[in-house]
Amino acid sequence: MKVITERDIIKNIRKMWRKQYSANDISLTPQLKKIYEKLKKLDLNKATAKEINKIIGNESWTNVVCNECYNYVNLAVEFGDDSESFIVCTDCLAEVWKEIENKIIKQKEK
């Protein structure tokens with residue numbers, strides 16, 4: 001489990017791209033190779049989502065999306081690991097926390 005932000009996604013964009021489109025795979029199209037080469041040139045500590053979106057051609061790679069409410073968010077918690085994960089925003093976490101607290105209160109009342 002870890003907290004993630006847009007900056008975290010930007011810092012890992014090359015890793016995510018390699019995972020999706022193996023950089024050493026000879027089946028990569030010239031366009032995918034070109035995108036990867038442009039991503040390799042970026043300073044990921046300073047690059048913006050807008051720059052990356054322009055290189056890739058869409059915004060889906062830099063958005064943090066909650067897998068529970070499907071909203072775009074700035075901060076979320078990622079459960080799982082690189083092979084499989086689930087992202088939950090702070091609003092959804094707060095909602096489930098309220099449910100947990102209510103269940104605890106009801107159990108104590110019994």
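Pairs passing the salt bridge (Lys or Arg N to Asp or Glu O under 4.0 Å) check and including a residue from residues 65-78, sequence neighbours excluded, read Lys2-Glu78.
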Pair Leu32-Trp17, side chain to side chain contact (heavy atoms under 4.5 Å, CB included): steps then yes or no: CA-CA 9 Å; Leu32 294 176; Trp17 190 263; 3.6 Å; yes
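Taking CD1 of Ile104 as the reference point, atom NZ of Lys106 lies at 12.5 Å (rounded to 0.5 Å). Atom CD1 in Ile10 sits 9.5 Å away from atom CG in Leu42 (nearest 0.5 Å). Rounded to the nearest 0.5 Å, atoms CD1 (Ile13) and CG (Asn53) are 8.5 Å apart. Between Glu59 atom CD and Tyr72 atom OH the span is 7.5 Å, to the nearest 0.5 Å. Note that SG of Cys92 and CG of Asn67 are 10.0 Å apart. Values are rounded to the nearest 0.5 Å. To the nearest 0.5 Å, atoms OG1 (Thr62) and CZ (Arg7) are separated by 10.5 Å.
Linking Ile, Leu, Val, Met, Phe, Trp and Tyr whenever their side-chain heavy atoms come within less than 4.5 Å leaves Ile4 and Val77 in two separate clusters. Both Leu93 and Met1 are members of a single hydrophobic cluster when ILVMFWY side chains are connected at heavy-atom separations under 4.5 Å. At a threshold of 4.5 Å between side-chain heavy atoms, the hydrophobic network of Ile, Leu, Val, Met, Phe, Trp and Tyr places Val65 and Val88 in two separate groups. In the hydrophobic cluster analysis, where Ile, Leu, Val, Met, Phe, Trp and Tyr join through side-chain heavy atoms closer than 4.5 angstrom, Met16 is grouped together with Tyr21.
Val64 pairs in a side-chain contact (heavy atoms from CB on, under 4.5 Å) with only one of the listed residues (Asn74, Ile87, Leu75), which is Ile87.
In this structure Thr48 satisfies the side chain to side chain contact (heavy atoms under 4.5 Å, CB included) test together with Lys50, Glu51, sequence neighbours excluded.
A pairwise comparison of heavy atoms in Cys69 and Cys89 identifies SG-SG, 3.8 Å as the closest pair. When all heavy atoms of Lys41 and Arg14 are compared, the closest pair comes out as N-NH1, 4.5 Å.
In this structure, the side chains of Asn71 and Asp91 stay at 4.5 Å or more apart for every pair of heavy atoms.
For Lys34 and Glu37, the salt-bridge test fails: no basic side-chain N is under 4.0 Å from an acidic carboxylate O.
Asp81 contributes a side-chain N or O that, together with a main-chain N or O of Glu84, makes up a donor-acceptor pair within less than 3.5 Å.
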